[in-house]
Amino acid sequence: MGDVRRYSEQDIQVLEGLEAVRKRPGMYIGSTGSRGLHHLVYEIVDNSIDEALAGYCERIDVEILPGNVISVSDDGRGIPIGIHPKEGISALTVVFTVLHAGGKFGGGGYKVSGGLHGVGASVVNALSEWLEVTVDDGQKTYFQRFERGKYHEPLKEIGTTDKTGTKVVFKADSEIFSELEYDYEIVLKRLREQAFLNAGVRIVVSDRRGDEEISEDLHYEGGIKSFVEYIHKKRGFETLHEIVYLKTQTETSQAEVALQYNDSYNDLILSFANNIHTTEGGTHETGFKNALVKTLNEYGRRCNFLKDGEKLIGDDSREGLTAVISVKLMETEFEGQTKTKLGNVECKPMLENLISEKLTDFLDENPAVAASIMEKCLVAKKAREEARKARELTRRKSSMDGASLPGKLADCSERDPSLTELYIVEGDSAGGSAKSGRERKYQAILPLWGKMLNVEKSRLDKVYGNEKLMPVVTALGTSIGEDFNISKLRYNKVVIMADADVDGSHIRTLLLTFFFRFMKPLISEGHIYLAQPPLYRLTCGKKHLYAYSDSERDQCLKDMRAQKPDAKIGIQRYKGLGEMDPDQLWETTMNPENRVMIRVDMEDAEAADETFTILMGDKVAPRREFIEKNAQYVQNLDI
Ligand code: TTJ
């Protein structure tokens, strides 16, 4: 009896901690949409990765099971099952029911046996309809089941075993999440990244939901070197030299960098802190970039690649560069819009020293590699200087014309940029509706026209003079590349409004890639949005509702039928923005009171950049692979 009472009191106490998670899930996992759902998987897998990094686990299995159930198992030592001295219950139960100070989104930090992660097992438990843990400790098998974070029975012995390991199986709670369907490609991408960042760890990921099982064995002895190699293969780039790998370590931290130049004109720098992708950059990335250009300038001058007075700027030193930076620290501080910007001040000098000392050594020891890097940078420098000259010429011409804003721009009357919005609209008919439907005081419309530019193969100079992108640049007012100046931004919100079909997705990808490459702060500072026009209009008598997804349409249908079982319901599917009249467009997509907009973050933009590279590049194989993988999606969009 005493035992039962103790557990029920525990229940109540536990409930209070985890109830906070259920009340405000966004605080702990960022969102309750698809991203938050996938986050659950990563939170659990992180624990097994810690065990692998501690040297006790060789293999981690991650399975997506029918019904969108997730199973994660490892062959580590197993979560301790002993009675926790303070709580009086099994340590395992504590791990799953006591909310540890913060997590990635709450600040603070909690470490398992010197591991690097904030452990979110209790958060995942709180947000799962049910969760089951099985632990093998080499002698016995233990089991406990939870429902929405609560347990009815304590941890119990269920058998004997000679193995060790932990297995967690869970189903996300439909009361919490708006989306329950896992995307295998998203899970795979993230776990592959983790396998690269933790050299030697083996992660086997599989999808058992379909008729055919899909599975991938992720295991990279080369770590972040393999990461750079993989990126270049996937994007279809020719590389200019072998991969450069540099590493430094202190008692409590480490930093490593892998880099390689390719034949393209764009750079891709991926940075991580404690295996978390820092999409907004931060001190480690800044230290790296500063030291890279400084080191190349010093080497270039010393070895006569640069004449007296000649100097590379940052952009020159990064043209065609792919780099992965990974730091591992005892304590991390994250800042920025999406808490993905590393704030630890010690990382800037750490990366600066790593690059200026070890990259210099590497260049001295590998003169052939050094020469191809220097030549790449010098070509970039020359092209930049020529482009600047050409640009100044066109500028002088256009200022004489007095044509400073694009002709098709329907500007707003408000002059305070913090209050204004620019809608970039593909297609003339949609542009017309947007112009009539808008609130002209603070909403401006820029219809796009003309042929797309292949930004992949071009440098900045080609962007100037491109009839599709130039109007965007002049309307925004910030200029691009080295001249970019965010204080000149003419609109606080820049909204891309395109159809929900293949063409629309192309224009979104193009614009996001363009902003990502040439106007990055627009994205990192949260100025770019995607409009979300409705897909359906449902009418029932005089009432109408708009639905923004298929599942929302079904919900609306259900609600309408429940209210008026006998009435006839009409469903109109919008094939494009052009089908909406100005009032409808205003009501559903542009009116701040009702509209749904997605704010684009660096992760979205990075994904667009990758898609763009594959679609626009000149290599056929990566493109074919992309189209095959996304065939389903493309079809769905096309109906
Ligand atoms: C902790 O220190 C004593 C030995 O075991 C360590 C431990 O907790 N190891 C461990 C935890 N291995 N795997 C986990 C784990 C795996 C999953 C899938 C989920 C969770 C919450 C932990």
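All ligand and atom numbering here is 1-based and tracks the order in the structure. In what follows, every heavy atom counts, from backbone to side chain, and hydrogens, waters and symmetry copies are set aside.
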Is [X] in polar range of ligand 1, meaning some N or O pair under 3.5 Å apart?
{"X": "Asp74", "value": "yes"}
{"X": "Val95", "value": "no"}
{"X": "Ser48", "value": "no"}

Qualifying residue for side-chain hydrogen bond (donor to acceptor under 3.5 Å, both in side chains) with His277, from Glu603, Arg190, Glu193, Glu606: Glu606
Within reach of ligand 1, part of Val72 (heavy-atom separation under 4.0 Å): both
Side chain, backbone, both or neither: Tyr56 near ligand 1, heavy atoms under 4.0 Å: neither
Closest candidate by heavy atom, reference atom 1 (C) of ligand 1, pool Ser71, Cys57, Pro80: Pro80
Face-on cation placement of Lys520 at Phe516 ring, 6.0 Å and 45° thresholds: yes
Counterpart residues, side-chain contact (heavy atoms from CB on, under 4.5 Å), relative to Glu625 (two or more places apart): Lys629
Ala121 to ligand 1, any heavy atom closer than 4.0 Å: yes
Ligand 1 atoms in contact with Glu51 (distance to a heavy atom under 4.0 Å): 6 (C), 7 (C), 9 (N), 10 (C), 12 (N)
Atoms in ligand 1 flagged as close to Phe96, the criterion being non-hydrogen separation under 4.0 Å: 21 (C)
Side chain Lys247, main chain Val257, donor-acceptor under 3.5 Å: no
Under 3.5 Å, side-chain donor or acceptor atoms of residues 222-229 against the rest of the protein: list the pairs with distances, not counting sequence neighbours.
from   : atom 1 : to     : atom 2 : distance (Å)
Ser226 : OG     : Gly222 : N      : 3.4

Heavy-atom check, side chain of Ile49 versus side chain of Asn47, under 4.5 Å: no
Leu131 and Val133, any side-chain heavy atoms less than 4.5 Å apart: yes
